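All values reported here derive from a predicted model rather than from experimental measurement. First the proteins, then the strands, lettered A, B, ... as listed; each starts at 1. What you see below is based on every heavy atom in this structure, not just the backbone, and it leaves out hydrogens, waters and symmetry mates.
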Amino acid sequence: MKAFAELYANLDATTSSNAKLAALQGYFRQAPPADAAWAVYFLSGGRPRQLVPTRLLRDMATEASGIEPWLFEESYQSVGDLAETISLLLPESTYTSEDGLAVWLEEKLLPLRGLPPTELAERLPALWAQLDQPSLMLCIKLITGSFRVGVSKLLVTRALAAMAELDSKRVAQRLVGYTDLSNRPTAEGYLKLIAAESSDEHAQRGGQPYPFFLAHGLAQPVEQFDALLGSPADWQVEWKWDGIRAQVVKREGRLWVWSRGEELVTERFPELHALVSGLPDGTVIDGEIVVWKDAVQPFALLQQRIGRKTLSKKVLEDAPVAVLAYDLLEHQGDDWRNHSQAERRAQLEQVIAQCNQPVLLPSPLLTGRTWQDLARQREDSRKLGVEGMMLKARDGLYGVGRTKDMGVWWKWKVDPFSVDAVLIYAQRGHGRRASLYSDYTFAVWDGPPGSERTLVPFAKAYSGLTDEEMRKVDAIVRKTTVEKFGPVSSVTPSMVFELGFEGIALSKRHKSGIAVRFPRMLRWRQDKHVEDADNLGTLQDLLS
Amino acid sequence: MDLVIARPEGLYCPAGDFYIDPWRPVERSVITHAHGDHARTGNTHYLAAAPGEGILRSRLGQDINLQTLPYGERLVHHGVTLSFHPAGHVLGSAQVRLEYQGEVWVASGDYKVEPDGTCAPFEPVRCHTFITESTFGLPIYRWQPQAQIFAGINEWWRGNIANGKASVLFCYSFGKAQRILHGIDASIGPILSHGAVEPLNRVYRDAGIYIPETLYAGDFKKNDPLLRQALIIAPPSAGGSTWIRRFGDYSDAFASGWMRLRGTRRRRGVDRGFVLSDHADWPGLLWAIEQTGAERVMVTHGSVGVLVRHLREKGLDAQGFTTEYGDDEEEVTA
C-alpha cells in the first residue's frame with residue numbers, strides 16, 4: 001500500500017509525462033505481480049463498486065476524528081475531496097502497514113462490501129490506524145471508488161511495454177477489457193500482460209475488441225486546410241455522429257458490443273443481437289450507436305435509454321438503436337488495422353451489404369471538391385443532428401488511442417451555441433480547485449431589456465476559465481455573497497460570461513424550461529453589464 | 001466596556017484613543033508586527049515592541065515616528081496600561097495587552113505556538129478578552145514538528161544536487177525565509193537569496209539571530225556550476241518571472257501552511273510543497289485560547305465563522321471582528 005501511495009504522490013506531483021513514465025516504470029519494476037495487477041487496474045481507470053456507503057464512511061470518520069459533524073462538513077467544503085478530508089482529520093498513525101496493495105484489497109477492503117454498519121464501525125477505524133496520511137487518503141479513495149490520477153491508459157501501456165520490452169500496441173491489445181467489472185486482477189493476469197509474444201495469442205482473443213482509435217480536434221480556419229491537410233480527395237469525410245462509440249465483435253458464433261470506455265454493453269442493445277446471424281465469425285466493426293428512425297434522433301433519447309435498468313417494450317419502440325458503421329477492424333478473422341482507411345471502408349461496405357440488417361448502416365461518405373465546399377455542407381450539421389464532420393486520411397492505418405503515427409482522424413466540429421449569461425450562484429470546487437469558487441450557475445433574463453424582469457438559471461458550468469481568471473472570480477464571489485446555502489453562495493449579479501454549449505432541448509426539469517449540453521465558459525465578458533446579458537428569447541430561438 | 005472595537009480604520013481602543021494595526025492612516029498606532037497588512041505607512045505615531053524596530057524601520061522608512069517598548073514593560077496612556085508580549089510569529093511580533101479599570105484584553109495579531117529560534121516564543125497572557133486570528137482555523141490544519149519539515153527540505157535539496165538541479169524554494173520573504181535559513185542544514189551547499197529576502201536576512205543577523213551565509217542570487221550567471229548545488233530562497237512572486245530563468249534546470253518548492261492541501265499544492269504547480277507556517281494550526285489556536293483563560297474571544301481574519309461557532313459550542317462568548325488583514329502565507333507584497 002505504501003509503495004502505491006508513493007507512486008500516487010509522485011504521479012500527482014508532476015505534470016511531466018516523462019516524469020510520470022519514470023515513476024510508473026520504477027513502481028512496476030519493484031512491485032510484486034499481485035500488487036502490480038491491481039495497480040494496473042486502478043491506473044487504467046478500473047473502479048470496483050463502492051465498498052462502503054459514503055454516508056456511513058463520513059459518519060464513522062467524523063466519530064473517529066472526535067469533531068462535530070458540522071466541523072467535518074466545513075473541512076470537507078474547504079478540502080473538496082472526501083478521502084483527503086478524512087485522511088487529514090483522523091488521528092495521525094505512527095505505524096504503517098507493510099502489506100501490499102493486493103493484500104489490502106483482497107483481504108481488508110473488498111470484504112467490507114455489504115457488511116452491517118456495526119461491523120464496519122469496528123473494522124474501519126482498525127484499518128485506518130494502520131496507515132500514514134498519504135496511504136490513508138489512497139485507501140479511502142479505493143473504498144469510495146474515487147481513485148483518479150493524471151495518467152492516461154496510454155502512459156500505463158507505454159510503461160508496461162518498455163519494462164517488458166514489448167510493442168506498446170500489443171500491450172494495449174492485452175489490456176482491453178482489463179478494467180471491466182467482470183475481471184478480477186490477479187498476478188497471473190498481470191504476468192500475461194507483460195509476457196513475451198506468443199503465436200496463438202490472436203486465436204485466443206475471445207470477445208476482445210481492439211483499442212479504439214481516437215480523433216483529434218481541428219480548430220483552424222478552413223482557409224488553412226489546403227496547407228494543413230492537402231486535397232480533400234485524400235480524405236474520407238463523414239458526419240460526426242452524436243451517439244455512443246462502439247465496437248461490434250462477432251466471433252465463435254457470438255456477439256459482443258463494447259463501448260469506448262471498454263465496457264461490455266451487449267445486453268443494453270438487444271436489437272443488435274440480430275447481427276449474430278448477419279455477420280460472419282471473425283468480424284469487428286467500429287461505429288456509433290444512435291437512436292435511429294429513418295434519421296438520427298437526438299442524443300437525449302439515447303441517454304434516457306442508457307439510464308434504464310430494464311428496457312421495456314415501449315422504450316425499445318420509442319428509441320430503437322442502429323449502428324452507423326464506419327470502420328472494419330477485423331475481417332475473416334484477420335486483423336485489418338494495418339490496411340488503409342480506403343481499403344477498410346470498401347470492405348466494410350461489402351460486409352454491411354452481405355449482412356443486410358436494418359440495424360447496421362454505413363455511415364455515409366460526404367464529398368466536396370474543395371474544403372470550402374465541405375465547409376458549406378457542414379453548416380447543415382445542427383439541422384441534421386450531427387456535431388460536425390470527421391476527416392480521416394484515406395491512406396491512414398487504424399491507430400491505438402489518441403496517436404497520430406499510424407494515420408490521423410480529425411474531428412471538425414461546428415462552433416458551439418453561445419449566449420451571454422449572468423453568474424448568480426457559485427460553489428467551491430473539488431481537487432485542484434478545492435476551496436476556490438469554481439463551479440457556477442448561470443442565468444439569463446426572462447424578458448427583453450426595458451421590461452420588468454428577473455434572472456432565470458439555466459446552466460451550470462465550471463470549465464473554460466484560466467486559473468488567473470478563476471482567482472479573480474473567486475475574489476468577487478467572496479465580496480458579493482448575499483446568502484449561503486451550504487456550499488453554495490448566491491451573489492449580487494455583476495459578472496457576465498459568454499457561455500458555449502453543444503445542444504439545447506426543452507426540459508421539464510429545469511426552471512427555465514430549457515436544458516443545454518456541455519455548457520462551458522468561452523469568455524468572461526468584463527466589457528458587459530448584467531443588463532446586456534441575453535434573455536430566454538435568445539435561447540428559445542436556438543431551439544428552432 | 002469594550003477595550004477594543006472594530007472601526008473602519010482598524011481595531012480601536014476608545015479609552016486610550018489609539019489603533020492596533022490600522023489599515024488606514026491614523027494619529028496613534030500600535031503595531032503587532034511588521035508584515036505589510038498589519039504595519040502600514042502613513043500613521044503619525046507608531047508604538048511597537050523593541051525587537052521589531054529594525055524590521056519596521058527597514059519596511060516603513062527609517063524616519064517614522066516610532067516609539068518602542070521591550071517585551072513585558074508597561075506604559076500607561078490615558079489610563080490604559082499597555083504592554084507587549086511575544087507572539088512567536090516573526091521577529092519582533094507581539095501580542096498587545098491592554099488593562100483598563102481592572103479589565104484585561106489581549107490583541108494577538110498573528111501568532112504561532114511552536115518556538116522556532118528566530119523570534120521570542122509565544123507567551124500565553126491571561127486576560128478577560130482575547131483577540132485571535134484564525135488563518136488556519138479548521139481541524140484539517142495540523143502541523144508536523146518543524147524538524148521534520150526541515151529534514152524534508154534538506155532531503156529534497158540533496159536529491160536535486162544529485163540530479164544536477166538547482167533548488168528553488170519559494171516562501172514569504174520576511175519571517176518564513178529566515179526561519180527556513182535558520183533551520184536547514186547549511187552544510188549541504190551554497191545558499192542564494194533573492195533581492196527581497198537579503199535585506200531581511202541582514203536585519204535578523206543584526207538582531208543576533210543565526211542566519212547562515214547567503215549569496216545574492218542576482219550575482220550569478222546562468223551557466224555557473226555553483227547553481228547546480230544551490231538552494232535559492234525567493235518570494236513566490238519571483239516564480240514565472242524572467243529572474244527565475246537564470247537557474248536553468250531547477251526543481252521548485254513552496255513552503256506554506258496551505259501546502260497541507262493537495263488542491264493548493266497542485267494549483268501552485270511546484271514540484272514540492274512543504275507544510276510550514278508561521279501561524280498557529282487548529283490545535284495551536286485552541287491551545288492558545290485556552291491558555292489565556294479568556295471567557296470572551298474576538299476572532300479576526302481567516303476562518304472566522306468556524307472558529308466562532310466552535311468556541312461558542314465550548315461555552316465561550318465568541319464573536320467575529322471584521323478586519324482587512326490579509327494572508328501572509330500567500331504573499332502578494334514582499
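The structure places CZ of A/Phe72 at 12.0 Å from CG of B/Leu138, a figure rounded to the nearest 0.5 Å. Note that CG of A/Asp12 and CZ of B/Arg265 are 7.0 Å apart. Values are rounded to the nearest 0.5 Å. Taken to the nearest 0.5 Å, the OG atom of A/Ser65 stands 11.5 Å off from the CD1 atom of B/Ile140. Taking NZ of B/Lys314 as the reference point, atom CD of A/Glu68 lies at 11.5 Å (rounded to 0.5 Å).
Summarising the geometry of A/Leu71 relative to B/Trp282, their closest heavy-atom pair is CD2-CZ2, 3.7 Å, with the distance given to 0.1 Å. Residues A/Leu88 and B/Arg142 come closest through the heavy atom pair O-NH2, 2.5 Å. The shortest heavy-atom contact between A/Glu84 and B/Arg262 is OE2-N, 2.7 Å. The two residues A/Ala13 and B/Asp271 make their nearest non-hydrogen contact at CB-O, 3.9 Å.
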Next on the checklist: side chain to side chain contact (heavy atoms under 4.5 Å, CB included), that's the test. Do B/Gln144 and A/Glu92 meet it? Break it down for me.
Outcome noted: CA-CA 10 Å; B/Gln144 308 266 326; A/Glu92 203 127 337; 2.9 Å; yes
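Interface remark: B/Arg272 contributes no atoms to any contact with chain A (heavy atom separation under 4.5 Å). Heavy atoms of A/Leu89 lying under 4.5 Å from chain B belong to its backbone as well as its side chain. At a 4.5 Å heavy-atom cutoff, A/Ile86 makes no contact with chain B through either its backbone or its side chain.
By the 6.0 Å contact criterion, CD on B/Glu313 is enclosed, its count of non-hydrogen atoms from other residues, nucleotides or ligands being greater than 12. Within a 6.0 Å sphere centred on CD of A/Gln30, heavy atoms belonging to other residues, nucleotides or ligands number more than 12. Counting non-hydrogen atoms of other residues, nucleotides and ligands closer than 6.0 Å to CD of A/Gln50 gives a total above 12. Residue-environment remark: CD (B/Gln148) exceeds the threshold of 12 foreign heavy atoms within 6.0 Å. At most 12 heavy atoms of other shown residues, nucleotides or ligands fall within 6.0 angstrom of atom OH in A/Tyr462.
Options B/His310, B/Arg260, B/Arg309 differ in how many heavy-atom pairs under 4.5 Å they form with chain A, and the most are formed by B/Arg309.
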